[in-house]
Number of protein chains: 2
Amino acid sequence: MNISEKLSPFELVPDDRALAIREALRNAIVDRRLAPGTKLVESEVGELFEASRTVVRAALQMLAFEGLVRTERNRGAFVSNPTPEEARQVFASRRLLEPGIAAAAVDRITDEEIEGFRHHLKAEVRFMSERGPAARRAEIKASGDFHLMLAAVAGNAILQRFMDELVARSSLVIALYGSTGVSRCGHHEHADILEALEQRDAVRASALMLHHIDHIEADLDIRVRDGLALKDALHI
Amino acid sequence: MNISEKLSPFELVPDDRALAIREALRNAIVDRRLAPGTKLVESEVGELFEASRTVVRAALQMLAFEGLVRTERNRGAFVSNPTPEEARQVFASRRLLEPGIAAAAVDRITDEEIEGFRHHLKAEVRFMSERGPAARRAEIKASGDFHLMLAAVAGNAILQRFMDELVARSSLVIALYGSTGVSRCGHHEHADILEALEQRDAVRASALMLHHIDHIEADLDIRVRDGLALKDALHI
DNA sequence: GCTATCACAATCGTATCCAATTCATCGGCA
DNA sequence: TGCCGATGAATTGGATACGATTGTGATAGC
């Protein structure tokens, strides 16, 4: 099975409609087409997807489990609005997981997969050079996909699911707290990590990954935002 | 198979009934009062808890997310029956997370929490000395709780949730693949880890934790079981 | 006697329905 | 004018109803 198929922009729509809705909402949230704090009214979503509230509720419940939406009893579901503390925890978790994932990937990566990564990096560069919010979103998404591809290569389904969640939440965090936007060094670091993978250098790969995560987090401005935190506290 | 006898009816603490049912089922699965492969019929569970299928489905969906039950479309939900590969992945994940959690706990643990751990270890010893399947289950549970307490101390809600899932699945794996039972060295290792925590020795704590996980996994007999795998393949 | 087909029972997936809760608007009153 | 409680619309939580799917057992045919 090749990677590009697993991570193609248009993932195969599962016949299960709840999963399909979950995927669509997930993408919208990660892409920030749905802003944090947005209320997701069950009937509205249902109408949008031509599904009844029952199935929408199932989708929202899944997203709540992933931490992408927050549900409040009798009030509904809202696109998650990560606090600075949550943001820190997301990256602390990634620091724990991803170096190990990179090391595991070294042992299992195939030449085909390396080729897939090269192809992906080219796309990342392309998005970086383009202007506009759409390209910016695509850049954030592609950057996250690199990490997801790596998790897929590592061959541990559990870790892969954890990374799914962490990358999605990272996208939210970056969108919320990103100061200058996606760090421009991101691509180079991805390329360096790929190089270490090619050389089957597990130590270097995991060290580079750790630094990479540190850089991503360092480029953020994770602080309580005046007024936003207030609104957060009483309304969200 | 009748599940009604294996669930103590009222262990519900949270006011949310779906969460209560999830907790009860979760405990039953982790304690192995519900054997892997057992079918969880929605209407049966609902009757047992005096809840409608709607809320039962929500609980089952949550458990499916955690990997404790497996759902098959149009067939229902079954208590998860981890394959050897899944078992290995569970422990690989723990090897990645828990040393870091132990190190983080060193920085945050309070004297009161240390006292709590001491108390918990005493209980572990007590269960170890008792005979019978009930004590055995209690021992497995207490052993897992040690790790969950540590995750709680580490102060990262995301990691704590991951550990919740991993410990629960580990209990299933141990119950399925445990050869000689819970390793008797388990308690000593917990005590050693606690000692490292008291001494605020992060390096030692994480090293001990890593060895501890290795020992737990080494005490298992993670192999495909003749006939069980077959039955597994076509029936589960 | 064995296999294939069919009908029925059990169970799930989903839509719809009703009660409970929340939120906002409006009117009364100090 | 400003605050407080009542009223009503909107929305969620949960139960139920109904069609769809699967598994099973009986029956017929080979």
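Every chain is numbered from 1 and lettered A, B, ... according to where its sequence line falls, protein lines coming before strand lines. Heavy-atom basis, side chains included; hydrogens, waters and symmetry copies ignored.
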Enquirer: D:dT11 C1' sits how many Å from A:Leu60 CG, rounded?
Expert: 13 Å
Enquirer: Using only side-chain N and O atoms of A:Arg57, determine if any of them is under 4.0 Å from OP1 or OP2 of D:dG13.
Expert: yes
Enquirer: Output the rounded distance in Å from CZ (A:Arg17) to P (D:dA20).
Expert: 13 Å
Enquirer: In degrees rounded to 10°, what angle is found between the helical axes fit to the five outermost pairs at each end of the helix from C:dG1-D:dC30 to C:dA30-D:dT1?
Expert: 0°
Enquirer: Just how far, in rounded Å, is P of C:dC12 from CG of A:Asp16?
Expert: 15 Å
Enquirer: Nearest-Å distance, CD (B:Gln61) to C1' (C:dC12)?
Expert: 14 Å
Enquirer: Please give, in whole Å, the distance from C:dT21 P to A:Asn74 CG?
Expert: 7 Å
Enquirer: Report yes if at least one side-chain N or O of A:Arg75 is closer than 4.0 Å to OP1 or OP2 of C:dC23; otherwise report no.
Expert: yes
Enquirer: Find the distance between CG (B:Asn156) and CD (A:Gln89) and round it off to the nearest 0.5 Å.
Expert: 4.0 Å
Enquirer: Listed by chain and number, what are the side chain to side chain contact (heavy atoms under 4.5 Å, CB included) partners of A:Ala123, not counting sequence neighbours?
Expert: A:Arg126, A:Phe127
Enquirer: Expressed as a whole number of angstroms, how long is the span from B:Glu72:CD to D:dT22:C1'?
Expert: 11 Å
Enquirer: Does a side chain donor of either B:His190 or B:His120 reach within less than 3.5 Å of an acceptor in the other side chain?
Expert: no
Enquirer: Minimum heavy-atom separation for A:Leu150 to A:Ile101, with atom names?
Expert: O-CG2, 4.0 Å
Enquirer: Which residue is it: A:Glu44, A:Glu47, A:Glu42? I am looking for the one with a salt bridge (Lys or Arg N to Asp or Glu O under 4.0 Å) to A:Arg53.
Expert: A:Glu42
Enquirer: Report the residues that fulfil side chain to side chain contact (heavy atoms under 4.5 Å, CB included) with A:Ala218, sequence neighbours left out, ordered by chain and then residue number.
Expert: none
Enquirer: For B:Gly76 and for A:Glu50, find the nucleotide of DNA chain C with the closest heavy atom, then tell me which residue's nucleotide is more 5'.
Expert: B:Gly76
Enquirer: Pairs under 3.5 angstrom, nitrogen or oxygen only, protein versus nucleotides 16-18 of chain D, please.
Expert:
none

Enquirer: Once side chain to side chain contact (heavy atoms under 4.5 Å, CB included) is applied, do any residues pair with A:Ala104, and if so which ones, sequence neighbours excluded?
Expert: A:Ala154
Enquirer: Could you work out, with side chain to side chain contact (heavy atoms under 4.5 Å, CB included) as the rule, every residue matching A:Thr110, not counting sequence neighbours?
Expert: A:Glu112, A:Glu113
Enquirer: Calculate the interatomic distance between B:Glu42 atom CD and D:dG14 atom P; express it in whole Å.
Expert: 16 Å
Enquirer: Report the distance from atom CZ of B:Arg22 to atom CG of B:Leu60, rounding to the nearest 0.5 Å.
Expert: 12.0 Å
Enquirer: Given atom NZ of A:Lys39 and atom P of C:dT21, what is their separation to the nearest angstrom?
Expert: 16 Å
